[in-house]
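Shown next, in C-alpha cells, is the structure this report addresses.
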Amino acid sequence: MEISMTQGSVALSSATPTPVKPAHAQLKHNQLHTAQPPAAQPGATIRGSSTARKMLTIIGAFLPVIIIVAICLFAPALAHFSPTTTVGAARLSPNAKFWFGTDSVGMDVYSRTLYGTRIAVQFAIVVAVLSTVLGVLIGTFIGLTESSKGVISNVGRVLNKISEYIIAIPGIILAIVVVGLMGSSNFALITSLTLVLVQAPIKLTRVEILRVKRENYLEAAQMAGESSFESAFVHVIPNSIGPALRNLPLIFGNCVINLAALGFIGIGVNAPTPEWGYMISKGISSMMLGRWWEAVFPSLFLFASVLGISYSSKAIPKAIPLIRQLAGRRGNQ
C-alpha cells in the first residue's frame with residue numbers, strides 16, 4: 001500500500017503543471033522585448049562601404065586631371081609674379097618670397113613653372129584632338145578602300161605606306177626636321193607634333209576597320225538592303241573608333257614630353273615664354289654650380305603631369321561603369 005501510494009505520489013508530482021506567470025508580469029516581459037532596438041542589417045553596412053569605395057575610386061581616377069586643369073585655370077591667381085619679367089636678383093635660392101627661387105635673369109621660377117603647366121596643356125589638348133580626329137579619318141579611309149579596286153584603293157595603299165615610313169623615323173628627329181623647315185613658331189610646333197603622333201590613331205583605326213568588316217552582321221545588313229556606304233557609317237565607323245579615343249590620353253602625355261624635348265634643345269616655344277623644357281635646359285648649367293632649383297622644379301612638374309595623365313588614362317575607363325552603377329541606383333531610388 002505504501003509503495004502504491006508512494007508511486008501515486010510520484011506520479012502525481014511528475015504530472016504537476018508549470019506555474020503560470022501573472023498577467024502583469026507577462027505584459028512587462030513583452031514590453032521589454034519590444035523596447036529592444038532592432039539588430040543592425042549587415043547588408044546595408046556592406047552596401048554603404050561598397051558605395052564609399054566606388055566613390056573613392058572615381059575621385060582618385062579624376063583627381064590628377066582635376067589638379068592639372070585647376071593649375072591651368074588659376075595660374076594667374078596662384079602665381080606670385082609675372083612669369084616673363086625680372087622680379088628680383090639672379091639665382092636666389094628658394095625662400096619665403098620666391099618659393100622656387102629665381103633663375104639666371106631674376107625671374108620667379110615658381111610663377112614660370114605654374115604658367116609652364118598652362119603652356120604644356122594648351123599644346124597637348126590641341127595636338128591630341130587634331131591627331132585623334134585626323135588619325136580616325138585617315139585610318140577609316142585606308143581601311144575602307146585599300147582592299148578594293150580602282151584609283152581610290154591605290155590612294156589608300158599609298159597613304160598606308162607613307163604612314164609606315166613615318167613611323168620608322170624617330171619622332172623627335174621628325175619634329176626637328178619639320179620645325180627646321182617651317183621655322184620656329186607655335187604653328188610649326190603643332191604641325192610637327194601632330195605629324196609625329198597621328199600615326200598611332202591611323203593604325204589603330206585601320207586595324208579595327210579591317211576587323212569589323214569581317215563581322216557577320218555586316219553581311220546581314222547588306223542582305224537586308226543596306227548599301228556599303230550606309231553600312232560603313234552606321235556600323236563600321238562607330239564600332240572602330242574606340243581604340244583611337246582610348247589612346248587620346250597617351251597622345252596627350254607624349255605631346256607634353258615631346259614639347260619639352262624640343263624646348264630643351266632650343267627649338268620649342270620662343271623665349272621668354274615659360275616652357276618646362278626650355279627652363280630645364282637653362283637650369284642645367286646652373287645645376288652644375290649647386291643652383292639646383294632652376295631645373296629640378298620644372299622637371300618635377302613635368303614628371304608629375306605625365307604620370308598623373310597616364311594614371312587617369314587607365315583609371316577613368318574603370319571608373320565610368322561605377323558612375324553608371326551609382327547613377328542607376330539613385331534613379332531606382
Side-chain angles (χ1 to χ4, degrees), residues 123-175 177-178 181-182 187 189-259 309-310 312-318 320-321:
F123 272 88
I125 290 176
V126 173
V127 172
V129 172
L130 279 178
S131 299
T132 302
V133 172
L134 292 177
V136 168
L137 293 176
I138 298 174
T140 300
F141 179 79
I142 294 174
L144 291 177
T145 61
E146 66 175 340
S147 60
S148 60
K149 297 180 180 180
V151 178
I152 297 180
S153 64
N154 293 332
V155 174
R157 284 191 286 269
V158 169
L159 289 176
N160 188 35
K161 288 295 182 182
I162 293 174
S163 177
E164 292 176 355
Y165 293 147
I166 292 176
I167 289 177
I169 304 173
I172 190 64
I173 295 177
L174 180 61
V177 172
V178 174
L181 294 175
M182 298 182 62
F187 178 76
L189 287 173
I190 292 174
T191 302
S192 62
L193 293 173
T194 302
L195 183 61
V196 170
L197 299 174
V198 74
Q199 309 307 321
I202 290 176
K203 294 303 180 184
L204 290 172
T205 305
R206 172 184 173 271
V207 170
E208 284 298 302
I209 290 287
L210 296 178
R211 182 189 64 81
V212 173
K213 285 174 63 176
R214 295 193 296 266
E215 296 292 339
N216 294 329
Y217 63 82
L218 290 180
E219 297 181 1
Q222 291 179 358
M223 293 177 62
E226 281 191 4
S227 63
S228 300
F229 183 82
E230 291 176 343
S231 297
F233 280 89
V234 175
H235 302 292
V236 178
I237 296 177
N239 292 316
S240 302
I241 62 177
L245 295 179
R246 290 190 292 269
N247 189 63
L248 194 147
L250 183 61
I251 296 178
F252 185 98
N254 286 333
C255 179
V256 172
I257 295 175
N258 288 330
L259 180 66
I309 293 298
S310 176
S312 294
S313 67
K314 296 179 181 179
I316 288 176
K318 298 178 182 179
I320 290 177

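These figures come from a predicted structure and were not determined experimentally.
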- request: State, to 0.1 Å, how close G139 and I209 come at their nearest heavy-atom pair, and which atoms those are.
  value: O-CG1, 4.4 Å

task: State, yes or no, whether a side-chain contact exists between L197 and C255 at a heavy-atom distance under 4.5 Å.
output: yes

task: Verify, without hydrogens or angle tests, whether T132 (side chain) and V129 (backbone) share a donor-acceptor contact under 3.5 angstrom.
output: no

- prompt: Rounded to the nearest 0.5 Å, how far apart are CG of L248 and CZ of F252?
  reply: 9.0 Å

- request: For T205 and G135, work out which heavy atoms get closest and say how close.
  value: OG1-O, 4.0 Å

field: Those residues that, when tested against V207, pass side chain to side chain contact (heavy atoms under 4.5 Å, CB included) (two or more places apart)
entry: none

task: State which residues pass side chain to side chain contact (heavy atoms under 4.5 Å, CB included) with R246; sequence neighbours excluded, sorted by chain then number.
output: P243

query: Once you round to the nearest 0.5 Å, how far does OG1 of T194 lie from CG of L134?
result: 7.0 Å

task: Starting at CD1 of I241, measure out to CG of L204 and round the result to the nearest 0.5 Å.
output: 12.5 Å

- request: Taking all non-hydrogen atoms of both residues into account, name the closest pair between G143 and L210 and its distance.
  value: O-CD2, 3.7 Å

message: Which heavy atom of P249 sits nearest to which heavy atom of I309, and what is that distance?
response: O-CG2, 3.6 Å

- prompt: Quick one: side chain to side chain donor-acceptor pair (under 3.5 Å) partners of N254, sequence neighbours excluded?
  reply: none

message: Rounded at 0.5 Å granularity, tell me how far CG in L250 sits from OG in S131.
response: 11.0 Å

task: Just jot down the side chain to side chain donor-acceptor pair (under 3.5 Å) partners of S312, sequence neighbours excluded, or say none.
output: none

field: Which residues share a side chain to side chain donor-acceptor pair (under 3.5 Å) with R211, sequence neighbours left out
entry: E208, E215

- prompt: Looking only at heavy atoms, which two atoms of A128 and I251 are closest? And how far apart?
  reply: CA-CG2, 3.7 Å

Separation between CG of N258 and CD1 of I172, rounded to the nearest 0.5 Å: 5.5 Å

List, one per line, each side-chain donor-acceptor pair under 3.5 Å for residues 158-169, sequence neighbours excluded.
unit_1, atom_1, unit_2, atom_2, d
N160, OD1, K203, NZ, 2.6
S163, OG, Q199, OE1, 2.8

task: Please name the pair of heavy atoms, one in S240 and one in V212, separated by the smallest distance, quoted to 0.1 Å.
output: OG-CG2, 3.5 Å

message: Once rounded to the nearest 0.5 Å, what's the spacing between atom CG of L174 and atom CG of L193?
response: 10.0 Å

